[in-house]
Amino acid sequence: MKINFIGIGAQKCASTWVHRVLSDHPEVAVLPGKEIDFFSYYYNFGYEWYERHVGEIDPVKMIGEVSPSYFSDTDTPERVFLYNPNMRIVLSLRDPIERAYSNHLHEVRLGHVTGQNLEFENGLMNNPMYLVQSSYAQQLVRWLAVFPRNQILVIFQEDIRDDPLGQALNLYRFLGISEDYQSWFLEKKINESLVIKNTRIDYFLKRLGKLGRSIGASEIVETTKKSDLVRRLRRKYNQIDLRQVIPPMRDDTKIHLQNMLADDMRELSLQLGREDLPWPSWKALHNKAK
């Protein structure tokens with residue numbers, strides 16, 4: 001069975017929520033792990049390599065994966081259409097300026113930004129993709145040129161925050177799967193700015209989980225990972241919040257980005273047929289116009 005839905009990002013825009021809310025639905029098979037990146041980075045590996053990630057599964061209605069690299073990759077829309085013209089596409093977005101700041105935290109966490117100057121403004125000058133990946137209309141137009149609008153579901157991280165159940169039902173409805181199921185992950189919150197204090201401890205825990213799966217204790221491993229107690233212990237003893245280390249975005253930088261992204265936000269509202277977007281940046285844009 002062909003893969004028939006994908007989550008395409010955008011990066012740092014609730015793609016983990018989409019992945020996890022779908023991964024335990026009984027009518028869905030989500031490819032193991034997140035970010036297969038086939039259509040963006042590994043296209044030359046071929047369809048067989050891609051579909052081998054599915055493995056042995058019980059019959060389900062939908063098979064899919066989530067790779068945030070797809071949204072901004074220029075070649076991906078046509079590659080996806082060539083593979084499956086009926087592909088259902090889930091796009092999650094958030095306030096583009098907050099997304100850019102979160103992008104910076106992600107780069108710091110990965111070790112791509114180092115040294116004494118970890119301020120967002122330094123990262124913005126160093127990495128043009130902060131702005132490119134927040135220019136949503138610029139990316140979406142390529143997808144709309146290939147796929148009909150009704151095959152693309154756009155959801156907002158802000159709506160997920162305010163109404164996770166409603167957005168999950170919206171997602172289930174779009175994929176044509178049962179709306180009676182409620183994911184264990186629905187009310188969980190992800191702190192995307194957490195970084196590991198001690199990588200040796202983290203490596204040991206991951207190796208322990210891998211060992212457990214290898215001896216047939218996958219269910220125990222997953223139950224343990226989902227435990228609120230384990231999460232709290234990891235957060236208290238082996239994680240640090242980067243937002244407590246990296247200064248917030250300066251006000252003048254925020255105004256500069258609002259001006260830079262104003263036309264793109266207006267175009268996005270036209271693409272989506274919406275007069276409003278649930279973002280502080282959108283409200284600031286309209287307040288400025290008054």
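Here, residue 1 is the first one in the sequence, and each next residue gets the next number.
- Within a 6.0 Å sphere centred on CG of N86, heavy atoms belonging to other residues, nucleotides or ligands number more than 12.
- The backbone N or O of P85 lies less than 3.5 Å from a partner atom in the side chain of Q151, making a donor-acceptor pair.
- Proximity of L153 to L91: side-chain heavy atoms (C-beta onward) are nowhere separated by under 4.5 Å.
- Taking CE of M249 as the start and CD of E121 as the end, the distance is 7.0 Å to the nearest 0.5 Å.
- Screening residues 163-174 for salt bridge (charged side-chain N to carboxylate O under 4.0 Å, His left out) gives R173-E179 as the qualifying pairs, with residues at least two apart or on separate chains.
- F147 contributes atom CZ, which lies 10.0 Å from atom CD of E78 (distance to the nearest 0.5 angstrom).
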Inset, instruction - Would you please test L272 and L140 for side-chain contact (heavy atoms from CB on, under 4.5 Å) and show each step? - result: CA-CA 10 Å; L272 301 182; L140 183 57; 3.9 Å; yes
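- Of all the heavy atoms in S134 and P96, the pair that sits closest is OG-O, 2.7 Å.
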Legend entry - Verdict with supporting geometry, L257 and L124, side-chain contact (heavy atoms from CB on, under 4.5 Å): CA-CA 10 Å; L257 289 179; L124 184 64; 4.0 Å; yes
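- Of the residues listed (R149, R274, Q271), the one engaging V154 in a side-chain contact (heavy atoms from CB on, under 4.5 Å) is R149, and it is the only one.
- Across all non-hydrogen atoms, the minimal contact from Y101 to I246 is OH-O, 3.4 Å.
- A donor and an acceptor atom, one from each side chain of S281 and Q258, are nowhere located under 3.5 Å apart.
- Residue V113 is not grouped with residue M125 when hydrophobic side chains (ILVMFWY) are merged at heavy-atom distances under 4.5 angstrom, including chains of intermediate members.
- By the criterion of side-chain heavy atoms lying less than 4.5 angstrom apart, applied directly or through intervening Ile, Leu, Val, Met, Phe, Trp or Tyr residues, V132 is not grouped with L261; the two fall into different hydrophobic clusters.
- Using a distance-only test at 3.5 Å, with no hydrogens or angles considered, no donor-acceptor pair links the side chain of D95 to the main chain of W279.
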Inset, instruction - Please test L171 against L22 for side-chain contact (heavy atoms from CB on, under 4.5 Å), starting from the C-alpha separation and ending with a verdict. - result: CA-CA 9 Å; L171 183 57; L22 290 174; 3.8 Å; yes
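- Under the 3.5 Å distance criterion, the side-chain polar atoms of D264 are matched with a main-chain donor or acceptor of Q138.
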Inset, instruction - Start with the C-alpha gap between I155 and D159, add the side-chain angles, then the distance that decides, and say whether side-chain contact (heavy atoms from CB on, under 4.5 Å) holds. - result: CA-CA 7 Å; I155 57 178; D159 291 339; over 6 Å; no
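- A donor-acceptor contact shorter than 3.5 Å links the side chain of H104 to the backbone of L118.
- The aromatic rings of Y136 and F71 sit tilted relative to each other, their planes meeting at an angle between 30° and 60°.
- You'll find the side chain of M260 reaches within 4.5 Å of the side chain of L131, heavy atoms only.
- Remark: the backbone N or O of N122 is not paired with any side-chain donor or acceptor of N126 at under 3.5 angstrom.
- Hydrophobic clustering (ILVMFWY, side-chain heavy atoms < 4.5 Å, transitive): V141 and I152 are in distinct clusters.
- When atom types are taken as modelled, the side chain of R99 and the backbone of C13 share no donor-acceptor pair closer than 3.5 angstrom.
- In this structure, D24 contributes its side chain and S183 its backbone to no donor-acceptor pair below 3.5 Å.
- The cationic group of R88 lies under 6.0 Å from the six-membered ring centre of F174 and within 45° of the ring axis, placing it in a cation-pi geometry.
- Closest approach of P164 to W17, counting heavy atoms only: O-CZ2, 3.6 Å.
- A salt bridge links D263 with R266: the closest approach of a Lys/Arg side-chain nitrogen to an acidic carboxylate oxygen falls below 4.0 angstrom.
- A side-chain donor-acceptor contact under 3.5 Å links K2 to the backbone of Y83.
- Note that CD1 of I8 is 10.5 Å distant from OG of S67, once rounded to the nearest 0.5 Å.
- Checked by atom type and distance alone, the side chain of E27 pairs as donor or acceptor with a backbone atom of S178 at under 3.5 Å.
- Nearest heavy-atom pair across S92 and S15 is OG-N, 3.9 Å.
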Inset, instruction - For the pair Y172 and Y181, evaluate ring-ring contact (aromatic ring centres under 6.0 Å, His included) and give the outcome as yes or no after the intermediate values. - result: CA-CA 9 Å; Y172 296 162; Y181 183 77; 7.0 Å; no
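- Put simply, the side chain of H112 does not reach to within 4.5 Å of the side chain of H106, judged on heavy atoms.
- In this structure, Y47 and Y43 have perpendicular ring planes: the angle between them is above 60°, well past the 30° mark.
- Evaluated for a side-chain hydrogen bond (donor to acceptor under 3.5 Å, both in side chains) with D252, the options R250, H256, K254 yield exactly one hit, R250.
- Exactly one residue among F39, W143, Y41 makes a ring pair (Phe, Tyr, Trp, His ring centres under 6.0 Å) with Y70. That residue is F39.
- Taking CD1 from I63 and CD from E51, the interatomic distance works out to 8.5 Å, rounded to the nearest 0.5 Å.
- Classification of the H286-W282 ring pair by plane angle, with boundaries at 30° and 60°, yields tilted.
- Distance alone, capped at 3.5 Å, is enough to place a donor-acceptor pair between the H53 side chain and the W49 backbone.
- A distance of 10.5 Å separates CD of Q167 from CG of L186, quoted to the nearest 0.5 Å.
- Across all their heavy atoms, E65 and V30 have their closest contact at CA-CG1, 4.4 Å.
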Inset, instruction - Give the C-alpha distance, both sets of side-chain angles, the deciding distance and a yes or no for side chain to side chain donor-acceptor pair (under 3.5 Å) between Q11 and N103. - result: CA-CA 8 Å; Q11 289 191 352; N103 195 157; 5.1 Å; no
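- Cluster annotation: L110 and F120 are assigned to distinct hydrophobic clusters (Ile/Leu/Val/Met/Phe/Trp/Tyr, side-chain heavy-atom contacts under 4.5 Å, transitive).
- In this structure, M62 CE and I3 CD1 are separated by 11.0 Å, a value rounded to the nearest 0.5 Å.
- The two atoms that bring L285 and A262 nearest to each other are CD1-CB, 3.5 Å, heavy atoms only.
- L144 and M87 end up in the same hydrophobic cluster when Ile, Leu, Val, Met, Phe, Trp and Tyr side chains are linked at under 4.5 Å.
- The six-membered or imidazole ring of Y50 lies away from that of Y42, with a centre-to-centre distance of 6.0 Å or more.
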